[in-house]
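Accompanying notes for the structure given below.
Model, not experiment: these values are computed from the prediction. Sequential numbering from 1 along the given sequence is applied to the chain's residues.
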Amino acid sequence: QVQLVESGGGLVQAGGSLRLSCAASGRTFSNYAMAWFRQAPGKEREFVATVSQRGASTYYADSVKGRFTISRDNAKNTLYLQMISLKPEDTAVYYCAARAGSFWYFKTEDYDYWGQGTQVTVSS
């Protein structure tokens, strides 16, 4: 089992920045590919970004490419999402997720463990 707890969400004006964190506990963090997803009201949960086990490889949804940066610190068992140039359409609950094995997976069903989510609200 892997337990995931997100933090860092909040209310920010358009153009602002936030950094989300996801603290992991349980099994060896570095064995898991990690990802961020988000879910806006009335919409399905969507892929945002993913990072490989050692952090060497990343991939982003087109909607956040160039504005969001995913990273991880395996010594601290923590995943991050740095978000800049935020837009109102980035408003959503953001979830971190873990999957055993390789990365390059973008569907919710590909992930084994989920956090409870953290709310990000971007005002115009």
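- Separating the CD atom in E6 from the SG atom in C22 is a distance of 5.0 Å, to the nearest 0.5 Å.
- Heavy atoms only, all atoms of each residue included: Y113 and Q1 are closest at CE2-OE1, 3.4 Å.
- W114 and V2 end up in different hydrophobic clusters when Ile, Leu, Val, Met, Phe, Trp and Tyr side chains are linked at under 4.5 Å.
- Scanning both residues, T91 and A40, for their nearest heavy atoms gives O-CB, 3.7 Å.
- Side-chain contact between V122 and E89 is absent, with no heavy-atom pair separated by less than 4.5 Å.
- With a 4.5 Å cut-off on side-chain heavy atoms, F103 and V51 do not count as touching.
- The side-chain contact (heavy atoms from CB on, under 4.5 Å) search around S102 returns R99, Y105, not counting sequence neighbours.
- Atom CD of E46 and atom NZ of K107 lie 15.0 Å apart (nearest 0.5 Å).
- Taking the six-membered ring where tryptophan is involved, the planes of Y94 and F68 are tilted, since the angle between them lies from 30° to 60°.
- Of the possible polar contacts, none joining the D90 side chain to the V120 backbone as a donor-acceptor pair under 3.5 Å is found.
- The hydrophobic clustering, which links ILVMFWY residues whose side-chain heavy atoms are closer than 4.5 Å, places L20 and L4 together.
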Do any side-chain atoms of residues 54-62 form donor-acceptor pairs under 3.5 angstrom with protein atoms, and if so which ones, sequence neighbours left out?
| unit_1 | atom_1 | unit_2 | atom_2 | d |
| --- | --- | --- | --- | --- |
| Y60 | OH | I70 | N | 2.9 |
| D62 | OD1 | K65 | NZ | 3.1 |

Quiz item: Hey, mind stepping through R38 and V64 against side chain to side chain contact (heavy atoms under 4.5 Å, CB included) and telling me if it holds?
Solution: CA-CA 11 Å; R38 66 186 181 186; V64 306; 3.9 Å; yes

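- Checked options Y111, W36, F106; the residue passing with F47 is F106 (criterion: ring-ring contact (aromatic ring centres under 6.0 Å, His included)).
- Between E44 and T108 the shortest side-chain heavy-atom distance does not fall below 4.5 Å.
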Side-chain donor/acceptor pairs under 3.5 Å, residues 72-85, sequence neighbours excluded:
| unit_1 | atom_1 | unit_2 | atom_2 | d |
| --- | --- | --- | --- | --- |
| R72 | NE | Q53 | O | 3.2 |
| R72 | NE | N74 | OD1 | 2.8 |
| R72 | NH1 | Y32 | O | 2.8 |
| R72 | NH1 | S52 | O | 2.9 |
| R72 | NH1 | Q53 | O | 3.4 |
| R72 | NH2 | F29 | O | 2.9 |
| R72 | NH2 | Y32 | O | 3.0 |
| R72 | NH2 | N74 | OD1 | 3.4 |
| D73 | OD1 | A75 | N | 3.0 |
| D73 | OD1 | K76 | N | 3.3 |
| N74 | ND2 | Q53 | O | 3.0 |
| T78 | OG1 | K76 | O | 2.8 |

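- Cluster membership check: M34 does not share its hydrophobic cluster with Y95, using side-chain heavy-atom separations under 4.5 Å among Ile, Leu, Val, Met, Phe, Trp and Tyr.
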